[in-house]
Amino acid sequence: MSAASTPSPPVPVVALDDVVAVIGRFPALAGASLSVERSEIVLLRGANGAGKTTLLRLCAGLLPVERGVGRVLGFDLATQRTLVRPHVGLLGHQNGLYLDLTVRDNVSFWGDTVGATAAEIDAAMGRMGVADRLADVPTRTLSAGQRRRTSLACLIARRSQVWLLDEPHAGLDADARDELDATLRQAAAAGATILVASHELERAGTLATRTVDVVAGQVRATTPDVANPSTNSEREP
Amino acid sequence: MSAASTPSPPVPVVALDDVVAVIGRFPALAGASLSVERSEIVLLRGANGAGKTTLLRLCAGLLPVERGVGRVLGFDLATQRTLVRPHVGLLGHQNGLYLDLTVRDNVSFWGDTVGATAAEIDAAMGRMGVADRLADVPTRTLSAGQRRRTSLACLIARRSQVWLLDEPHAGLDADARDELDATLRQAAAAGATILVASHELERAGTLATRTVDVVAGQVRATTPDVANPSTNSEREP
Amino acid sequence: MTTTDHDLPAQSSAATTSSATGTRATRIIGIAAIVALGWLVAFGLGFSPADRDQEEAVRILYVHVPTIWLAYLAFVVTAVASAMYLFTSKKSLGWDRMAGASAEIGVVFVAVTLAVGAMWGRLTWGVFWQWDARLTTTALLFVTYVGYLAVRRLGGSHHQRARRSSVLGLIAVIEIPLVHWSVRLWRSLHQEATVLDTDGDIDMDGLMLFSLFVGVVAFTLLYVWLMLHRTRTMAMEDIVEDRGLDAALAARRAEGEL
Amino acid sequence: MSAWRLARLIARKDLRVEVRSRVITNQVLPFAGVTMVIFAFALDADSVLQRVAPGLVWLATMFSLLVLVQRSFAIETDDGALDAMRVAGVDSRAIFFGKALGLAAELIVLEVVLLFAAVILYGQTIEVGSIVLLVTTLIAATCGLAAVGTLYGGLAAGFRGRETLLPLLTLPAVAPVLIGATRAVEAALGTAGAVVSDGWPWVGMLIVFAVAFGVGGSLAFGPLVDE
Amino acid sequence: MSAWRLARLIARKDLRVEVRSRVITNQVLPFAGVTMVIFAFALDADSVLQRVAPGLVWLATMFSLLVLVQRSFAIETDDGALDAMRVAGVDSRAIFFGKALGLAAELIVLEVVLLFAAVILYGQTIEVGSIVLLVTTLIAATCGLAAVGTLYGGLAAGFRGRETLLPLLTLPAVAPVLIGATRAVEAALGTAGAVVSDGWPWVGMLIVFAVAFGVGGSLAFGPLVDE
Ligand code: HEM
Ligand SMILES: Nc1ncnc2c1ncn2[C@@H]1O[C@H](COP(=O)(O)OP(=O)(O)OP(=O)(O)O)[C@@H](O)[C@H]1O
Ligand SMILES: Nc1ncnc2c1ncn2[C@@H]1O[C@H](COP(=O)(O)OP(=O)(O)OP(=O)(O)O)[C@@H](O)[C@H]1O
Ligand SMILES: [Mg+2]
Ligand SMILES: [Mg+2]
């Protein structure tokens, strides 16, 4: 991961201050404030509809900021959204694959857009276990988890500075989860910043360096080390 | 759940004997044998691409049996596929919602197809927590987890005898998971048969009464109690 | 459905054991077809007289008309075989292959009719194509069966393919009467039915009629010969696919051993 | 539950989707209108237009049919609802009639609008005596178009490249409707000296077509869609 | 990476999708062919057909354009790839030119086939002297159509009911191309006594249109697609 090769970004990497984001007429983010530094892995947790996906899409520069100030890598999300995008990688609920193309075609395409070498592309595919038999299978015929793996391989090939992952573990089997976590830790160690939204708190909790609660479109509490739900009835302090 | 109101089905409810199912040219199921009795909750686990989804779709009568013999509720899956369908409920990777309709429209539609009453429909929506504010929101604008909840509400309104759930927990928050598990236990107690494919072994393991390994298109081992290596060794009565 | 059940029609069981689709019978039919085609050339180009109005161009008739009649026959065979597949309890894939093969040959024959008709049109009407009802309906017939063949290639198991395409084969055949009676219906430029006329009397020069007859015989033999070979190659394709499935099954099972 | 009640349920659901999304009202109707104008542009010799106006109405209808069918099945496949419907054990005849009914309702509105547009744009006139012919034609043609559209829409829905398979299958199949309806409307409008009585045989053909595809389609839909 | 290289990458990706799926070859081409046949049938007065053949070629092209654009963006939105592309920071001009390039390549093949079909079906003749005019017309018209199609295809892609929004937006916008290209081809084919020199002013218009929409589209695409 050459994420660290770019000049070190201003601190913090993600800085949201009372940000409001609107979908249709609905304020999916109702004044969220969050600050994330380099090399952090932050877990966003919260009920369904709390605004996790919205927060990630906002950070990716896909949604306009309605009120408040949001910055990613120093770029203002209100005015410089398109400048943010080349530096972030988003894994959304959808995979973003071309279903008629093979796994290799897909990963190559996304790799090529950032000028990745063939070796890097192969490495990304190998990492997510879609290199051998699956490489030349059209993604339309893959199983749900295999598509997710391919999507992750595309993301890895893109070598972003900020990784925004929306339920990355969903649909992956145990091996792929381990591989993914290792990749993320490695990327973070190399200087990337990682936001993960997840409902699998056991899994994502061990991965994250910090956990943040998203409640009703706001970022409520920043609990440094309470990840596992079976034990976290103390969440309401 | 009135799942038990129909005459008690022949035992076993699901009986697959060396079944081969083909997608395109690929034998996604390569000779799977499985037998599930009434009131069981069976967890299917296995690597990505092992064939769990294919197995569930086959049991739902959506895929033809290429070789071998498969029966669900006594109906032959090779010749009586359409007869099986009214009795099973499938939650697939997709939600099967009409995105322009509201949550209530969707649940009512599926409820109406089996003649559910308004009260039952409201109960299903209430159970999955999509009754109040969300009831009149078009499903297109819902968050991923809220859509999954709606899809589950539709399924509950349908009162099937056989429930086939493909990663039902994915995308749901903790509350919804608890509610879902309770619903499933209740349905099983009332005589329904439940197959769950999942990668969240901790969660699904506690729910299931039996765990089955799907490996390379075959059902490998039927391990009665090895679901969650860490916590639930006390499930053995 | 077991591994060995390929629903082979009895007469083509030879195909499973030999690597060719030819048998004594097909060779005889093939030779007969060649001879008949030779006769057709002789009668069509040599013995039959030129027409009063059409002059030499009339000789095109001996290809134009037999091909479209055989195409009709081919599509009717498709429909019948489709019905047999759908409505018999055995659901034999042999019927499905028969339907498919017949449709393929029919499409080729219609294409020949269209091409030859267009050339004929150039000679007699001065243009390749007229927007006349018969020509248009013929073109639609062609497209419809191209669509049928496209649906055959949609994929899925053999029986899925068979079910889908047999339904279409039954729907598509309705178009034949439309083509045949289009001239009546729309009172168009194209020749009215002269041979297969409903009033029974055939007003054609004897030798011309005989040449046409030779053409029909020749193309019928050709059709039968093509059918025999095509159904057998299709049966073999299905077998190869099934063998492929066996191999794929073994590979898939081996995945689990690792 | 009876197939017929299910069909009504499905048709009502489709119409409700339209009420909520207004896609057809806001987009397909204007599309059809624009198509008519475009035709007028492309064939701007006036005398020609007068002559071919009824044909153009039905051409525009057919292209709108394709759009409508696509929309009708996009609703079903966007999130896998068609699979859900099949698993729900909804009888395939019910699906067929339900979808066809919804489609027919949408089509008939469209046709009326187009016909009025033609009357205005291309300077056609409708006489009172021909209204019965006109209405019968519209209904018969609509039923035929809806049946064919639903049948092939359902077949194409499950496959990649459905946007393109649908027109390939549908257009040749509805060509008879195009011709019959055009002739009947010509008779009703008195185009090129046609008289009303010329129209009725064509209406007969349209009715035969509609019945054939209605019955055939309901039988064929299962095998075509179920796998 | 330069916008131009990215555009080529995207166009190549689109063509590769076609190579793998063969949707256009197997289905859009036949669709266009059927469209021509249907047109001809609906307007079967013979003398009329001869007269309007060039218009019909372009009408068929336009309807095929809609299908092609839909397919081109269905690829992107089926699994959210368009979002992925936007997040990847691919410059919106690169997306625009890339998609337009792929579309243009597919369109030009289609037009050539249609033109040949017209020559045969509608009894047109091409003289050697008019070939330059014809080729220029084709290229200019194609660029214009591809630009408009991509612009509105991208705009519609994000919305529900895109199947219906696209034709509504596109058809009026390409009307000038329809007229200009029709006149130019009429001149090239000598329809209704037109001479070759009549065609060039129309080609001029087509080029202006293509350049305007090419430049305008590349500027407008970002704001339109990016919200
Ligand atoms: C592309 C152009 C043409 C097409 C597609 C075409 C199509 C057909 C078809 C479908 C039939 C069979 C009718 C039936 O028995 O149902 C037929 C028969 C016939 N065609 Fe053509 N035709 C074309 C051009 C011509 C031309 C140019 C001529 C001569 C002037 C011609 C003369 C005939 C004759 C004499 C028959 C036999 C009529 C009968 O006995 O039924 N055709 N053609
Ligand atoms: N037009 C609208 N009307 C009402 N509510 C809307 C509308 N658009 C979006 N919403 C709401 O905005 C919220 C979006 O939340 P978001 O998708 O960010 O949730 P999430 O935290 O990712 O949830 P999940 O865990 O389910 O993925 C949801 O509550 C949704 O219902
Ligand atoms: N045309 C094809 N070519 C190659 N492989 C195919 C084809 N179609 C399907 N497959 C394979 O069939 C298998 C289908 O598996 P299925 O979707 O049942 O997996 P699963 O156990 O549900 O996996 P997941 O956990 O990822 O959801 C996959 O391995 C997929 O790659
Ligand atoms: Mg979310
Ligand atoms: Mg799966």
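None of the values given here were measured: they were computed from a predicted structure. Proteins get letters first, then strands, A, B, ... in listed order; numbering begins at 1 in each.
In this structure, Asp132(A) places its CG atom where only 12 or fewer heavy-atom neighbours from other residues, nucleotides or ligands lie under 6.0 Å away.
Residue Ala170(A) comes nearest to Ala170(B) through the heavy atom pair CB-CB, 4.3 Å, listed as atom of the first residue, atom of the second, then distance.
Between Asn48(A) and Leu172(B), the closest side-chain pair of non-hydrogen atoms falls below 4.5 Å. A heavy-atom distance below 4.5 Å is found between the side chains of Arg177(B) and His199(A).
Between chain A and the residues Gly145(B), Ala144(B), Ala197(B), Ala50(B), the largest count of heavy-atom pairs under 4.5 Å involves Gly145(B).
Heavy atoms closer than 4.5 Å to chain B are found nowhere in Arg148(A), neither backbone nor side chain. For Gln146(A), the parts lying near chain B are the backbone and the side chain together; criterion is any non-hydrogen pair under 4.5 Å. If you measure heavy-atom distances from Arg133(A) to chain B, the contacts under 4.5 Å come from the side chain alone. Of the two parts of Ala176(B), only the side chain, counted from C-beta on, holds a non-hydrogen atom closer than 4.5 Å to a non-hydrogen atom of chain A. Interface remark: Arg203(A) contributes no atoms to any contact with chain B (heavy atom separation under 4.5 Å).
Here the CD atom belonging to Glu200(A) is positioned 3.5 Å from the CD atom belonging to Glu200(B), to the nearest 0.5 angstrom. In this structure, Ser198(B) OG and Asp173(A) CG are separated by 11.5 Å, a value rounded to the nearest 0.5 Å.
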